[in-house]
Enquirer: 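Have a look at this one.
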Protein chains: 2
Amino acid sequence: MPTIYEVAAAAGVSPATVSRVFNGANVSPEKAEAVRKAAKALAFTPSRTARTLRLQSSEVIALVIPDIENPFFTALARGVEDVAHAAGYSVVLCNTDEDHEKELRYLDIALSATMAGVIIAAAGGDSDLSGLLARRCPVVAVDRSPHGVDVDAVTVDNRAGGRAATQTLVEQGFQRIACITGPSDVETATQRADGWRDAVTGGRPAEADDHYLRFADFRGDGGAAAMSELLALPEPPDAVFVANSLMSAGALRVLSEQGRLPPATGVAVFGDLPFLPLAPIPITVVHMPARHLGITAAKLLLERIGGDDQPARTIVLRNQLTRVG
Amino acid sequence: MPTIYEVAAAAGVSPATVSRVFNGANVSPEKAEAVRKAAKALAFTPSRTARTLRLQSSEVIALVIPDIENPFFTALARGVEDVAHAAGYSVVLCNTDEDHEKELRYLDIALSATMAGVIIAAAGGDSDLSGLLARRCPVVAVDRSPHGVDVDAVTVDNRAGGRAATQTLVEQGFQRIACITGPSDVETATQRADGWRDAVTGGRPAEADDHYLRFADFRGDGGAAAMSELLALPEPPDAVFVANSLMSAGALRVLSEQGRLPPATGVAVFGDLPFLPLAPIPITVVHMPARHLGITAAKLLLERIGGDDQPARTIVLRNQLTRVG
DNA sequence: ACCCTGGCAGAAATCGATTTCACCGTCAAG
DNA sequence: CTTGACGGTGAAATCGATTTCTGCCAGGGT
């Protein structure tokens, strides 16, 4: 790990000159050449740590997501990465596992490592962004917007999507439409359930009956468990709206095991099924613009990093309904 | 962003004492209390950057993977994270997108940010780990082991797995067994194809006929394209061994579209199908211990970080054959 | 002949935390 | 009563790159 001083000594110049060579300041051609030669000979790599300490900022942005095994978040990550890389930033992914403790730890790291900015899909409802905001660290919320904090956010219209998906089941004539959604403290989960409720009650929430509503964990096994539970009811549902793709895989597995796959049971899913579409079964899918969420969030963040100081914005992307199978 | 100096001033002590309080050295109870109070009042967070610069090491390990959208790598990541977190380390994920340029960039960052260590699933065959090794930065290769460098590695027996999977197709009486594998410059891809060749030629490689062999990209669309190509042959295959799960999703989609799903066509897959198992179709699956690969790699890395200096080891995990559907 | 401008380069300060070194008391042993 | 040991503490050096600040020198204008 050679330092700038050793390079300077080898090239017969001062450290300042070496620094200038690497940062494109005015240096005479001969010295620049000498420095470059010395640097190459020593395999010199400037210390990012020292640079970051001095400059009080780095070219790394943190992307904090709750579940790295969820294809939605990985697609989102790809979007973020593409934009960030094009702008010369590196992205580090932090997986919180829906755990507030881990989330806090990563946010703390982002702060104390003076990262350029943070894009966060919050675990649960109320993440503590106060530390970041107090230090004026640029933050963009994506998919889920934390309560009570005023930051840029990029989301989709979960309620409308849930409503539209469920509506297709209503129109197909199903009578007992269940809903499997995510944790009750996650905004996107409750909003999608609200959309389901809108559709099954025909817009008369007074008639809401949450008999068929299950809060699971947005994971495959959780979806399977909830589906089993629903099917074990005295009067099992004849259709189900599942609020994300991982849970739908679990739910479909259970339906498959019990021989009740569509079209016997109506199924509508919020989120893409990247691996599923092989089976020729009729399903309604609410397409999530995951990658675009990431792209948009990254662009917003870069604007903030660039010094944009306008009031916080919320961007709501559309999702699209398709039927497969 | 208050510094240790401000805390020291507020508490009426020297910066050294503040540091000692946070690092558990001997400090009188009164001063310790005063420091803690001042730190809380100022919302002081020690700068990781400064700390890292001074200590020449951090508690972050980098996990470099080629495709974050591949469930295999995300499961692996979970394994790494679990072990690392338990040991007090944070994990940052770096997605190289099978791109040597990006990979190099991340390795460079890991080095110049003096991270504690690196776990890498190399993009392509010959990643340049020389920089890391020259600086004695602990490195563990996982899934794929780079050529010509002597580092700890954790892999599975790809050839045996490919052979066993293909063998089940042979035993089912299929005559024309194709193979869809990954890029030809990726070790795991060629090894799995070797296993396929072993099985179809009955161990007489002289009779190898790569007519039915396709190199794709380990992604869904690539698998679909390869499958279409194979089916368009004058004499299409009656079975296929697919070398990873993402490609198998694409391949199955094509088979589904053409009404040739199993059991009409024989299918064997290397890698788990986390989302697929809903459909009651008979498939052979080579189970990959993805999470355990991660766990094992992380443990090895932690040993190295702890100063273990023994010669490099290679650990080969078993994979398990199952039939679903 | 003198001054000014501008390009180039080095000395030294700086970023914030850690740690060595030195120093001061205090208390126990000789 | 002296000496040694030891806990507590601060001053200052250190990690490595960046950046002012300053000075040197050459060339052009008056």
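Predicted model, so just to flag it, every value in this text is computed and none were measured. Every chain is numbered from 1 and lettered A, B, ... according to where its sequence line falls, protein lines coming before strand lines.
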Enquirer: Reckon B:S28 touches a base, only the sugar-phosphate, or nothing at all at heavy-atom distances under 4.0 Å?
Expert: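 Here B:S28 touches the backbone only, sparing every base.
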Enquirer: Look at the side chain of A:D217 and the backbone N and O of A:R219, then say whether any donor-acceptor pair between them is shorter than 3.5 Å.
Expert: yes
Enquirer: What nucleic acid atoms does A:V13 come within less than 4.0 Å of, heavy atoms only: base, sugar-phosphate, or nothing?
Expert: sugar-phosphate
Enquirer: Would you compute the distance between atom CG of B:D152 and atom CG of B:D308 and round it to the nearest 0.5 angstrom?
Expert: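 So the CG of B:D152 and the CG of B:D308 are separated by 8.0 Å.
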Enquirer: If you check the B:T17 side chain, which of D:dT9, C:dA17, C:dA9 turns out closest?
Expert: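 Nucleotide nearest to B:T17's side chain: D:dT9.
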Enquirer: Tell me, yes or no, whether the heavy-atom count around A:H85 atom NE2, taken from other residues, nucleotides or ligands under 6.0 Å, exceeds 12.
Expert: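 Yes, NE2 of A:H85 has more than 12 neighbouring heavy atoms, counting only those of other groups under 6.0 Å.
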Enquirer: From the list C:dT18, C:dG16, C:dA12, which nucleotide is the closest neighbour of the side chain of A:A16?
Expert: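 Selected nucleotide: C:dA12.
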Enquirer: With sugar-phosphate meaning primed atoms plus P, OP1 and OP2, does A:F22 contact a base, only sugar-phosphate, or nothing at under 4.0 Å between heavy atoms?
Expert: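 It contacts nothing in the nucleic acid.
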Enquirer: In whole angstrom, give the distance that lies between atom CG of B:L55 and atom P of D:dG16.
Expert: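 Nearest whole value for this atom pair: 12 Å.
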Enquirer: Grab the CZ-C1' distance between A:F44 and D:dG16 for me, whole Å please.
Expert: 8 Å
Enquirer: Which is more 5' along DNA chain C, the nucleotide nearest B:L53 or the one nearest B:R20? Just name the residue.
Expert: B:L53
Enquirer: Categorize B:V27 for me: base, sugar-phosphate, or nothing, with a 4.0 angstrom heavy-atom threshold over every strand shown.
Expert: sugar-phosphate
Enquirer: For the rings on A:F73 and A:F218, is their centre-to-centre separation under 6.0 Å?
Expert: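 So the answer is no for these two rings.
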Enquirer: In whole Å, I'd like the distance from the CD atom of A:E59 to the C1' atom of D:dT18.
Expert: 13 Å
Enquirer: Take atom CG of B:L111 and atom P of D:dA17, then tell me their distance rounded to the nearest Å.
Expert: 12 Å
Enquirer: Within a 6.0 Å radius of atom CD on B:E101, are there more than 12 heavy atoms belonging to other residues, nucleotides or ligands?
Expert: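 Counting neighbours around CD of B:E101, 12 or fewer heavy atoms of other residues, nucleotides or ligands fall under 6.0 Å, so no.
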Enquirer: When the distance from CD of A:E30 to P of C:dG7 is rounded to whole Å, what number comes out?
Expert: 16 Å
Enquirer: Which nucleotide sits closest to the side chain of B:N26: D:dG10, D:dG7, D:dT18?
Expert: D:dG7
Enquirer: Ignoring backbone atoms, establish whether A:S47 has a side-chain N or O less than 4.0 Å from OP1 or OP2 of D:dG16.
Expert: no
Enquirer: Quick one: which of C:dG10, C:dT19, D:dG16 gets closest to the side chain of A:R54?
Expert: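 Looking only at heavy atoms from C-beta outward on A:R54, the closest nucleotide is D:dG16.
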Enquirer: What nucleotide among D:dT18, C:dA17, D:dG16 has an atom nearest to a side-chain atom of A:T3?
Expert: D:dG16
Enquirer: Which whole-number value in Å describes the distance from B:Y5 OH to C:dC15 P?
Expert: 9 Å
Enquirer: Quick one: label B:R51 by what it contacts on the DNA or RNA (base, sugar-phosphate, nothing), any heavy atom closer than 4.0 Å.
Expert: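 Counting heavy atoms under 4.0 Å across all strands, the contact made by B:R51 is with sugar-phosphate only.
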Enquirer: Starting at atom CD1 of B:I4, determine the distance to atom P of C:dC15, rounded to an integer number of angstrom.
Expert: 15 Å
Enquirer: Whole Å only: how far is the CG atom of A:N23 from the P atom of D:dT19?
Expert: 7 Å
